[in-house]
Amino acid sequence: MRVVIQENYENMSKWAANYIAGKINAHKEARPFVLGLPTGSSPIGVYKELIAMNRAGKVSFANVVTFNMDEYLGLPKTHDQSYWYFMHDNFFDHLVDMKAENINILNGMTDDPEGECRRYEEKIASYGGIDLFMGGIGVDGHLAFNEPFTSLSSRTGVRDLTTDTRIVNSRFFGNDPEKVPAQALSVGIGTVTDSKEVLVLISGHNKARALAATVEGSVSQKWTCSALQMHNGAIIACDEAACGELTVDTYKYFLDIERKERL
Ligand code: GLP
């Protein structure tokens, strides 16, 4: 696992955006570059940077296919808290060359959730899998909507949200946890770890326990983010604020390694 510690959210976002743009630009094959994407506050800075780079002609999305991590069950696309709405509002609508037909987001209004999830997995497979999956994690370490005790080999499916997650996400629903949908469609932990590379953004004091569990904890279904330890191409991009629960040794180790990377 590679852990890139940046001073603050802004620098973390810039680092991650540069990394993603570099991967897209290095992709010379005719088949599209397949990018997995998250929602939430963590990736907003990355999206802003990628939009600026795209509009400045530094990275093109013309040959990029995207798959989003998750979507609330029961929210229409037009709902301002649906992840479809979030992605278009914060990212896709601002890119100059993203093709609408290359955007894949689970349909939260489907009347066949199991079929929708199965088709999503099949569509990912039809492209030869995901090249790079960017993710964020919840304060309880959930990756996509894979809450604690979801199988570490889970595939795309319906997920029940924990009370904790509904409370945390209620800030977007008038601070009323009851207004947060109780279920979501989500890629599985196995779907994420099947990707060639996984880049997870972890920032802020409230994610400190989750970062420590991801990097230093045992691999456990209690912290589904810990499955990344079993992935050969996992990168954690984090900020100083999120490092509060790492041991000093771990913190120094990763700073040291990255310093050598730059030499
Ligand atoms: C939601 C999403 C996750 C996301 C998490 C963290 O629960 N389903 O995919 O990683 O929020 O959000 P934030 O980045 O706002 O802390």
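Atoms within each ligand, like the ligands themselves, are counted from 1 in listed order. Every value quoted in this text rests on a predicted model; they were computed, and no experiment measured them. Reckoned from all heavy atoms, side chains included, excluding hydrogens, waters and symmetry mates.
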Q: Has Arg171 got any heavy atom lying under 4.0 angstrom from an atom of ligand 1?
A: yes

Q: Name the closest protein heavy atom to atom 11 (O) of ligand 1, giving the residue it belongs to and the distance to 0.1 Å.
A: His142 NE2, 4.1 Å

Q: Which option, Gly136, Ala210, Ala184, Gly204, owns the non-hydrogen atom nearest atom 10 (O) of ligand 1?
A: Gly136

Q: Using ring pair (Phe, Tyr, Trp, His ring centres under 6.0 Å), reason through Phe91 and His88 one step at a time and then give a plain yes or no.
A: CA-CA 5 Å; Phe91 192 44; His88 286 77; 10.0 Å; no

Q: For side chain to side chain donor-acceptor pair (under 3.5 Å), just list the numbers for Gln221 and Thr150, CA-CA rounded to whole Å, side-chain angles, deciding distance to a tenth of an Å, and then say yes or no.
A: CA-CA 6 Å; Gln221 59 186 354; Thr150 306; over 6 Å; no

Q: Within the structure, does Gly40 bring an N/O atom to less than 3.5 angstrom of an N/O atom in ligand 1?
A: no

Q: With a 6.0 Å cut-off (strictly less than), is the heavy-atom count around CG of Asp256, excluding the residue itself, greater than 12?
A: yes

Q: Does this structure show an ion pair linking Arg119 with Glu122, if we count only N-O contacts that are shorter than 4.0 Å?
A: no

Q: Going by the ring pair (Phe, Tyr, Trp, His ring centres under 6.0 Å) test, name the single residue among Phe133, Tyr83, Phe33, Tyr120 that passes it with Phe67.
A: Tyr120

Q: Are any of the N or O atoms of Thr165 closer than 3.5 Å to those of ligand 1?
A: no

Q: Using a 4.0 Å cutoff against the non-hydrogen atoms of Ile137, which atoms of ligand 1 qualify?
A: 6 (C), 10 (O)

Q: Is Thr39 in polar range of ligand 1, meaning some N or O pair under 3.5 Å apart?
A: no

Q: Closest heavy-atom contact between Asn90 and Tyr47?
A: O-CB, 3.8 Å

Q: Please could you name the atoms of ligand 1 that Lys207 approaches to less than 4.0 Å, counting only its heavy atoms?
A: 13 (P), 14 (O), 16 (O)

Q: If the cut-off is 4.0 Å to any non-hydrogen atom of Ala144, which atoms of ligand 1 fall inside it?
A: 3 (C), 8 (N), 9 (O)

Q: Is it true that Arg118 and Glu114 have a side-chain N and a carboxylate O under 4.0 angstrom from each other?
A: no

Q: Just one of Arg31, His27, Lys23 clears the side-chain hydrogen bond (donor to acceptor under 3.5 Å, both in side chains) bar with Asp131, so which one?
A: Arg31

Q: With a cut-off of 4.0 Å, which atoms of ligand 1 are near a heavy atom of Asn169?
A: 1 (C), 7 (O)

Q: Closest non-hydrogen protein atom to atom 15 (O) of ligand 1, residue and atom name please, with distance?
A: Ser41 OG, 2.6 Å

Q: For ligand 1, does Phe172 get within less than 4.0 Å through its side chain, its backbone, both, or neither, judged by non-hydrogen atoms?
A: neither

Q: Which protein heavy atom lies closest to atom 8 (N) of ligand 1, and at what distance to 0.1 Å?
A: Asp70 OD2, 2.8 Å

Q: Determine, step by step, whether Phe172 and Tyr72 satisfy the ring pair (Phe, Tyr, Trp, His ring centres under 6.0 Å) criterion, reporting the C-alpha distance in whole Å, the side-chain angles of both residues, the deciding distance to 0.1 Å, and the verdict.
A: CA-CA 13 Å; Phe172 301 116; Tyr72 287 115; 9.1 Å; no

Q: Report the nearest protein non-hydrogen atom to atom 14 (O) of ligand 1: residue, atom name, distance rounded to 0.1 Å.
A: Ser42 OG, 2.5 Å

Q: Would you mind listing which atoms of ligand 1 come within a distance below 4.0 Å of any non-hydrogen atom of Tyr83?
A: 1 (C), 2 (C), 8 (N)

Q: Taking heavy atoms and a distance under 4.0 Å, where does Pro38 meet ligand 1: side chain, backbone, both or neither?
A: neither

Q: Just so I know, are the side chains of Thr193 and Met230 near enough to count as touching, which here means a heavy-atom distance under 4.5 Å?
A: no

